[in-house]
Amino acid sequence: MNGLTTPSVLIYYLEMLQSVCIWYQKLMDWKQQRKGTMQKMRYLGNANVEAYNIMMNLYVKMGDLQKLHSLVLEMEDKRIAGNAFSYTIRLNAYASVPDIKEMEKLLMKMEVDPLLIEWNAYAVAAKGYIKAGDVEKASKVLKKCEHLSKWKSARLANEIVLSVYASMGKKNDVYRIWNKLKNRVRLYLVSKAHGLEAAEKYFFSIPENLRASCVYVALLNCYTDAKSLRKAEETTLMVLEMEDKGIAGDAFSYTIRLNAYASVPDIKEMEKLLMKMEVDPLLIEWNAYAVAAKGYIKAGDVEKASKVLKKCEHLKKIFAEWEANHVYFDIRIPNLLIAIYCRKAHLERAELIIKRLLESGKRPNFRTWDHLALGYCSHDQMEKAVEALKKAILACEPRLKTHIYSLVASCVDYLQSNGDAEREQEIKRLLEERGLFSAEICIRSVKHGPTSLMVLRFSSYGTNSGTLASSSAAQKEEDDLYQRLLPYAPSTVSMTPIINQWIREGKTVEYTVLKKAIKQLRAYRRFKHALQIYEWMDNSKHLHITPGDVAVRVDLISKAHGLEAAEEYFASIPDNLRSSYVYGALLNCYADAKSSIKAEGTMQKMRDMGDANLLAYNVMMNLYAKMRDLEKLHSLVQEMEDKGIAGNVISYTIRLNAYASVPDVKEMEKLLIKMEENSLLIDWNAYAVVANGYIKAGDVEKASEVLKKCEHLSKGKNARLANESILSLYASMGKKNDVYRIWNKLKNRGKVYSSSYVSMISGLEKLDDIDGAEKIFAEWEAKEVYFDARIPNLLIALYCRKGQLGKAESIIERLLENGKRPNYRTWDRLAGGYYSHNQMEKAVETLKKAILASMPLRKPNIDSWAPCIDYLQSNGDVERAEEIKRLLKERGIFSAGWIYINRLRKEDYIKLGKYISDVVFSSYPRGWFMFGLIYFQPK
């Protein structure tokens, strides 16, 4: 959460910015071209309202509200009256930020002129209020939106209104709009299919409480189509009378009260209210029965809960309604319900829907069988899963991009384990005949984890000739080479033979495919492999290397081979390729290595060249922040202000992190006020950083205040990450009630992710709440689908610190019994626990398991490892000491000598003697050892 303590997060942002640098430059060039064209149109006197609309739309897309305001002022000065489109562009801009003050001002202006206002304007304003968290005002403007949703645009308007109500969580209003749409559309269809008389008959059969204004409008359309003037006029009067009454339902308020009584639970009041709601069909929905059932369950009355749940069958009614009334068959509708049933383990119901479809002559598609097969697989009905999978493949269109890797792999694996080679080959044959992918690719992608799963789309079948018959074949070949380069391989395996083999097969190598592979390999942090592709490109005479490629290569060399190698490569780059991107990449390398002098020299060079852009300033600010050099950070900010370089959200976040880490509360608060003035600069993370600063300064009260603001902004896609950070901060403040409150919010969102369990158990560890941590762990054990070793490791570490080694051992035993594989950190923590409590024999044995489970070049915990070597040597157990040294070297971690030197006290340096010659010199040259003595000597 704090950028200074987690530099990898900032590195990620910098890499991401660097990767879009070229795209951004092209976008800016395009923007300048459009700006130049607009200027020419002004000069010629041809800058009309359409031209201004185009420029306003451009500034909105770029998020440049300042230029938007300037353009609006220019239009006012030139007396160019905006049209409805001009106002809608501006309204969208203010709503997206959201700038509520400007949005309301503009909406009032639009409401004065009926030519400017329509239902869409109110829908946009409602979205703005929702973003600002003002649901009440959003509801008010949606009522106006509903009022204007008439005539031809009624269906589109109501669909959008329905969607907005759904995003507000207003279920009753969603169903109310749905009933309006349903009756309106059916009335229209009856009129077209059976005539006006049948439409009138259907209209009068609709209950009065469901005859919304749009249903009357639909009837009016029927009369208009039939040229029935008298009836049309009568219907118009009825519509106007309805709108004048403006009667609004209050189902939502009843549902709130019902929830309140059920949560206590106050059964008496809940039942009284439920009876009142059942009298009025507008007030009662299936959700009300579900709420009441929860209340009865809380009160321990299972019998009454069962009774009300029988009434709660609304979803099935909606589907039955569609099944009975639909004219056009849309497979997506039954597929939705099939998917729900499969997730809920109601497989018989899913089968029944498919059976009804087949009986009525409807054809299930690939997705239908896919959902069913996944349902069978998830509930261990593998025989049925295999049969459903075959139907899914047969129903699949050739070369349709599918996402059933794990399903195919599970079915093939099941058939292999049962020795059913015949059906296994049948599935493979079907996959290849349909032009999908081979079963081998599916299995390999699952074994290699999500990394390969994301990139393996189609299998490599090859072609009979080196020439490409069509563009689709070319795409297949490109994807094939991409697939060959992406699957996981150790860094010692070169990419060059893969590309050379591709050429030997008579196929062409496309620059775009190699760039795509390099981008993905960088994302997977496989820098050496990405670099090998660039080296191959260098040796090829047919591929043109751009300055952007050179910049990426500088970054890759630095990460793969170190800063010195990157400098050597930079020195060899021809002047014509040393663009601002290349200097920016070198600057980033120096910043990563905290080489401030070289970074400052490169920055000065960029200034001299006129290439010191915002990205470069952000890199330098981040460097000074990491080095805690606030004086130079202030100087850089002042320089940006003098040159008119406006910072972005990353610039402000870097500075905020810097002030919070010291903490410099005065500067932090000053900057926060500035960020709050511009809603584009403020988000939940800013308040989380500030809260951390206050905690460091010991001001828990102010930390609590900003965390409330942080909670208010923790919405949408980032809600989970935000709440996890907030939970951790409340734990640091010792606020147990708030920790559990945020945990309940995370649980109520639906699926609880591994990271949330990690945050909660870590938080309870800070609070020294072992009982609470055990309960959360038990909850995870009961529910977990995806095994995340971090979660048991946290509790094991906690037990080891508390001396409860028996409990730590018990967790590991359960993991092994359940087929779960403890990782390096599991054994490392247990070894540390044994050492801390003087159980050295167990520590030594656990240490060996940790080494064997560790990834190559993994940095170990020296505090628990080195004492084991000391213990063996002091007991004269040379054989096992040598075994540990050998394992360390074989795993490529580091020599035992390095561990020993790192732990020496000052007075121990004179005792090196024989140990130096026997251990250290056997692994490292003298120069490296002397560096070790100087570098690791205690202060």
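When reading the values below, keep in mind they use all heavy atoms of this one structure, side chains included, and skip hydrogens, waters and symmetry mates. This chain uses plain numbering: 1 for the first residue, then up along the sequence.
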Would you call Asp738 and Arg741 a salt bridge, taking side-chain N to carboxylate O under 4.0 Å as the test?
yes

Ala658 versus Leu630, closest heavy-atom pair with distance
CB-CD2, 3.8 Å

Under a plain distance cut-off of 3.5 Å, with no hydrogens placed, do Glu104 and Tyr94 share a side-chain donor-acceptor pair?
no

Would you call the rings of Trp780 and Tyr757 parallel, tilted or perpendicular, taking 30° and 60° as the class edges?
perpendicular

Donor-acceptor pair, Arg522 side chain versus Ala530 backbone, under 3.5 Å?
no

Give a yes or no on whether the backbone of Asn618 and the side-chain of Asn622 come within a donor-acceptor separation of less than 3.5 Å.
no

SB check Arg607 Glu639 (cutoff 4.0 Å):
yes

Is a salt bridge present between Lys105 and Glu102, judged by a nitrogen-to-oxygen distance below 4.0 Å?
yes

Salt bridge present between Asp555 and Lys559 (N-O < 4.0 angstrom)
yes

Assess, by modelled atom type and distance only, whether the side chains of Ser704 and Lys735 contain a donor and an acceptor separated by less than 3.5 Å.
yes

Tyr583 and Phe570 aromatic ring geometry - parallel, tilted or perpendicular at 30°/60° bounds:
perpendicular

Where do Glu667 and His634 land on the side-chain contact (heavy atoms from CB on, under 4.5 Å) test, with the steps shown first?
CA-CA 10 Å; Glu667 287 295 328; His634 284 304; 3.9 Å; yes

Ser755 and Arg720: side-chain donor and acceptor closer than 3.5 Å?
yes

Using 4.0 Å as the upper bound for N to carboxylate O, is an ion pair formed by Glu676 and Lys709?
yes

Are side-chain heavy atoms of Lys643 and Tyr617 found at a separation under 4.5 Å?
yes

Could you check whether any side-chain N or O of Asp683 sits under 3.5 Å from a backbone N or O of Ala686, counting only pairs where one atom can act as donor and the other as acceptor?
yes

Do Tyr581 and Asp549 have side-chain N/O donor and acceptor atoms under 3.5 Å apart?
no

If you measure from the Lys or Arg side-chain nitrogens to the Asp or Glu carboxylate oxygens, is any gap between Glu677 and Lys674 under 4.0 Å?
no

